[in-house]
Structures are given as structure tokens and as C-alpha cells.
Amino acid sequence: MLYLIPLLVLGTEQREFQIGPIQEDLRIISLSGFLTEMLFELGYGEQIVARDVTSTYPAAAHALPNLGHVTQLNAEAILQAQPDYVFVEKSQWAQAEALRQLEGSGIKIVQVPTSRHLKNAIYAATHISKHLQLPEDKFLQLKEQIETDSLALQEVLAQYSARPSVLFIYARGTNRILVGGSNTDAAAMIEKAGGRNAIQSFDNFRALSPEALIEASPEVILMFESGLASLDGKEGLALVPGISHTPAFQNNRIIAMDGHYLMAFGPRVGKAALDLSHHIHQ
């Protein structure tokens with residue numbers, strides 16, 4: 001049976017959820033690693049017929065046809081998949097030229113708003129439920145999981161007074177090394193884990209000079225596992241000018257985590273923040 005239930009998810013604001021069984025006859029394309037994880041979590045994994053390159057979790061997503069990055073989509077390839085729905089993050093819509101070409105094609109393109117909040121997955125579920133029926137048990141499990149993880153994070157953070165400075169380095173080999181400033185997913189996760197972003201002087205990502213790197217003097221360096229691997233590990237990281245002079249490197253405080261797990265702000269965001277908190281406060 002399909003019915004609507006009001007749930008309190010945004011303070012005192014009420015949102016209605018379309019509750020009902022999985023719509024098994026749907027064909028869905030997900031163009032976001034976050035949304036793919038969300039759809040699997042909500043019971044719609046088997047309805048996904050294609051995904052984007054960032055959809056790496058859960059493992060079952062790897063078996064799906066890969067349409068590439070949202071900025072480099074092929075409209076014809078999307079049409080060939082014959083989707084009923086295409087889900088994309090609202091923040092990526094401006095970059096998705098192929099999706100704008102499909103407006104008027106009959107395919108329902110859903111732009112899902114996202115945020116850097118621990119309850120981001122719950123907010124996204126409210127939007128997804130406007131288009132898909134959500135099994136009540138799946139949604140309630142998601143809500144309970146996020147609330148439990150958030151409470152565990154608060155309890156751990158209450159034990160620490162210090163806020164170590166953490167520098168996030170994005171690397172794709174030695175020719176592309178950037179550091180995360182303010183207003184980034186990296187800065188948001190560092191703050192939620194009880195750290196302090198080492199770069200406060202600019203927003204987004206920039207290349208950083210050795211002098212500025214030394215001046216930032218991070219106590220901890222945070223990277224994606226794939227980024228550290230692209231530099232051939234800590235030995236290769238040491239060859240980046242200025243790195244070896246930082247307290248983080250000298251004290252072997254180099255943290256590498258799975259990129260999607262760390263920064264998707266999905267159903268596992270509380271666990272990721274808790275793991276990061278343990279690392280930076282060790």
C-alpha cells in the first residue's frame with residue numbers, strides 16, 4: 001500500500017515521505033557516488049541500470065555499466081539505457097551538458113540537493129521520496145543509523161579539547177597536487193572530526209608553494225588512499241617540496257582513507273567522521 005507519512009527531519013520542519021514497496025519495474029541511472037550508495041541503501045540497487053565513474057560503493061555497483069564522469073556524459077549512451085529516472089546531484093547540474101540535451105525526452109531527471117551535514121543522507125532521502133516509493137523499514141534504518149553514529153561521534157569529541165591542524169592533500173601523481181582550503185568537503189569533514197583545517201587563507205583547492213606549506217605547519221596530513229598510492233606511498237610524498245619539513249611528516253602523522261567513504265557525506269558519514277577523529281587525535 002502507498003501512503004504518505006510526515007517525519008521530522010529538519011528541526012521542526014515536516015516533510016512528507018512517499019512510503020511504499022520497491023517499484024521493481026523502474027530503470028534508474030545514478031550519476032553520483034553518493035546517490036548510488038543512497039539508492040542501494042534505500043532498496044533500489046537492483047533497479048539501477050547504469051552509473052557514473054564515482055559510483056564505487058557498494059561493490060555491486062562495479063558490475064553496472066559505467067557512463068563516465070558527469071561532466072563527460074554521452075546523451076546517446078544514456079538514451080540507450082532506457083532509464084525512467086536519472087538521478088544527479090543538484091550541484092553538478094550546471095556541468096552536465098548531456099543531461100540538458102535530454103530535457104523533453106520523457107526521461108525524468110531528478111536533481112537532488114546535497115549538503116555537508118551529518119544528516120545529508122536523510123535530507124536526500126526526503127527528496128528522493130518525492131519520486132520513488134521508499135520502504136518504511138529502509139528509511140527508518142537509515143535514520144536510526146545516522147542518529148546513532150552522530151551520537152557516538154559527539155561522545156568521542158567530548159573527550160578531546162585540542163583541535164589538531166590537518167592539511168588535506170589531493171594528489172593524482174606528482175604533476176597534480178593540490179591542497180584543500182576553506183569551503184571544501186575536506187575542511188567540513190576535518191571540522192566534524194574535531195580537527196582544524198590547516199589552510200584558512202583561501203577557499204577551494206590550490207597548488208601550494210613549499211614556503212606556504214611549511215608556514216601552514218600541519219600536525220596531520222590527510223589524503224585519499226588513491227592519492228597517496230599515486231605518489232608511491234609515503235616515500236613518494238616525501239619528495240614533494242616542503243612536505244618533509246612539516247610536523248605531520250616528521251611525526252609520521254599521515255592519514256590515508258578511502259575517498260568516497262571520507263567525503264561522500266552519505267549513509268556512513270558519521271562512521272567516517274568517527275574514524276577520522278580517532279586518527280587525528282591518536
Residues Met38 and Ala124: closest non-hydrogen pair is CE-CB, 4.3 Å

message: Quick check against the 3.5 Å criterion: does Thr54 have a side-chain atom that pairs as donor or acceptor with the backbone of Gly33?
response: yes

Quick check on Asp137: does its CG atom have over 12 non-hydrogen neighbours (other residues, nucleotides or ligands) under 6.0 Å away? yes

Check the side chains of Tyr85 and Gln47 for a donor-acceptor pair under 3.5 angstrom, ignoring hydrogens and angles.
no

### Transitive ILVMFWY side-chain link Val70 to Val49, under 4.5 Å
yes

So CD of Gln154 and CG of Leu118: to nearest 0.5 Å the spacing works out to 8.5 Å

Given the options Ile221, Leu262, Ile280, Ile255 meets side chain to side chain contact (heavy atoms under 4.5 Å, CB included) only with Ile280

> Does CD belonging to Glu24 count more than 12 external heavy atoms closer than 6.0 Å?
Replying inline: no

Between Ala216 and Ala198, the two heavy atoms sitting closest are CB-O, 4.3 Å

CG (Leu157) and OG (Ser277) are apart, to the nearest 0.5 Å, by 4.5 Å

Any side-chain heavy atom of Leu222 sitting closer than 4.5 Å to one from Leu167?
no

request  = Report yes if the side chains of Gln23 and Tyr44 come closer than 4.5 Å at any heavy-atom pair, otherwise no.
outcome  = yes

Would Glu37 and His260 count as a side chain to side chain donor-acceptor pair (under 3.5 Å) if you check the C-alpha gap in whole Å, the side-chain angles of each, and the deciding distance to 0.1 Å? CA-CA 10 Å; Glu37 181 175 358; His260 176 75; 2.7 Å; yes

The reported gap from CD1 in Ile190 to CG in Asn197 (rounded to nearest 0.5 angstrom) is 4.5 Å

* To do: Could you tell me whether the side chain of Ser182 reaches within less than 4.5 Å of the side chain of Ile199, counting heavy atoms only?
  => no

Between Pro164 and Val220 the two heavy atoms that sit nearest each other are CB-CG2, 4.5 Å

Expected output: side-chain Asp84 to main-chain Arg27 donor-acceptor under 3.5 Å: yes

(Q) Around atom CZ of Arg176, are there more than 12 heavy atoms from other residues, nucleotides or ligands closer than 6.0 Å? (A) no

query = So, Tyr123 versus His117, ring centres under 6.0 angstrom or not?
reply = yes

Note: Leu142 and Pro267 closest approach over all heavy atoms is CD1-CB, 3.8 Å

- Chi angles and distances behind the side chain to side chain contact (heavy atoms under 4.5 Å, CB included) call for Leu237, Met223: CA-CA 11 Å; Leu237 180 63; Met223 301 184 70; 4.1 Å; yes

field: Residues, nucleotides or ligands: over 12 heavy atoms within 6.0 Å of Glu97 CD
entry: yes

*Check whether any side-chain N or O of Thr114 sits under 3.5 Å from a backbone N or O of Glu89 as a donor-acceptor pair, and report yes or no.*
no

Do Leu178 and Ile243 belong together in a cluster built from hydrophobic side chains that touch within less than 4.5 Å? no

### Task
State whether the side chain of Thr36 and the backbone N or O of Ser32 hold a donor-acceptor pair below 3.5 Å, judged by distance alone.
yes

Exercise for review: Kindly indicate whether the side chain of Met263, heavy atoms from C-beta on, has any atom under 4.5 Å from the side chain of Phe224.
Suggested key: yes

Smallest heavy-atom separation, Ser55 atom then Ser30 atom, equals OG-O, 4.2 Å

Should Arg51 and Pro65 count as side-chain neighbours, where that means a heavy-atom distance under 4.5 Å? no

After noting the C-alpha distance and the side-chain angles of Gln282 and Arg253, does the key distance pass the side chain to side chain contact (heavy atoms under 4.5 Å, CB included) rule?
CA-CA 9 Å; Gln282 68 182 16; Arg253 300 295 309 282; 3.2 Å; yes

Is the shortest side-chain heavy-atom distance between Val269 and Phe34 below 4.5 Å?
no

Side-chain donor/acceptor of Asn204 to backbone N/O of Gly181, under 3.5 Å
no

Does Glu225, at its CD atom, have more than 12 non-hydrogen atoms belonging to other residues, nucleotides or ligands within less than 6.0 Å? yes

Just by modelled atom types, is the Gly180 backbone N or O under 3.5 Å from a matching donor or acceptor in the Thr184 side chain? no

Handout entry: Donor-acceptor under 3.5 Å (Gln133 side chain, Pro21 main chain)
Key = yes

Exercise for the section: State whether Arg100 and Glu103 are salt-bridged, where the test is any N-O pair (Lys NZ or Arg NE/NH1/NH2 against Asp/Glu carboxylate O) under 4.0 Å. Expected result: no

Between the NE2 atom in His131 and the CG atom in Leu26, the distance rounded to the nearest 0.5 Å is 12.5 Å

- Query: Under a 4.0 Å N-O cut-off, is there an ion pair linking Lys271 with Asp149?
  - Reply: yes

Quick one: do the Tyr57 and Asp258 side chains pair a donor with an acceptor below 3.5 Å? no

All heavy atoms of Leu42 vs all of Ala125, minimum pair found to be CD1-CB, 4.4 Å

dist Ile29:CD1 -> Leu39:CG (nearest 0.5 Å) comes out at 12.0 Å

If you group Ile, Leu, Val, Met, Phe, Trp and Tyr by side-chain heavy-atom gaps below 4.5 Å, do Leu35 and Leu134 land in one group? yes

Exercise for the section: Answer yes or no: is there a donor N or O on one side and an acceptor on the other, between the side chain of Gln82 and the main chain of Leu79, under 3.5 Å? Expected result: no

### Task
Kindly work out whether a path of hydrophobic side-chain contacts (I/L/V/M/F/W/Y, heavy atoms less than 4.5 Å apart) joins Phe205 to Leu213.
no

So CD of Gln141 and CD1 of Ile146: to nearest 0.5 Å the spacing works out to 12.0 Å

Side chain Ser150, main chain Glu147, donor-acceptor under 3.5 Å:
no

request  = Taking the side chain as every heavy atom from C-beta outward, state whether His62 and Thr56 have any pair of such atoms under 4.5 Å apart.
outcome  = yes

| said: Before we go on, tell me: are the rings of Tyr170 and Phe168 under 6.0 Å apart, centre to centre? | reply: no

- Message: Could you see if Leu132 belongs to whatever hydrophobic cluster contains Ile122? Use Ile, Leu, Val, Met, Phe, Trp, Tyr and a side-chain cutoff under 4.5 Å.
- Response: yes

- Quick check: does any side chain N or O of Glu219 sit under 3.5 Å from a backbone N or O of Val166, one acting as donor and the other as acceptor? no

Working note: Asp275 + Met257, criterion side chain to side chain contact (heavy atoms under 4.5 Å, CB included); need CA distance, chi angles, decisive distance, verdict.
CA-CA 9 Å; Asp275 284 349; Met257 297 178 65; 4.1 Å; yes

Side chain to side chain contact (heavy atoms under 4.5 Å, CB included) evaluation trace for Arg116 with Met189: CA-CA 8 Å; Arg116 294 170 179 149; Met189 278 300 292; over 6 Å; no

| field | pair Val88-Val112: side-chain heavy atoms closer than 4.5 Å | value | no

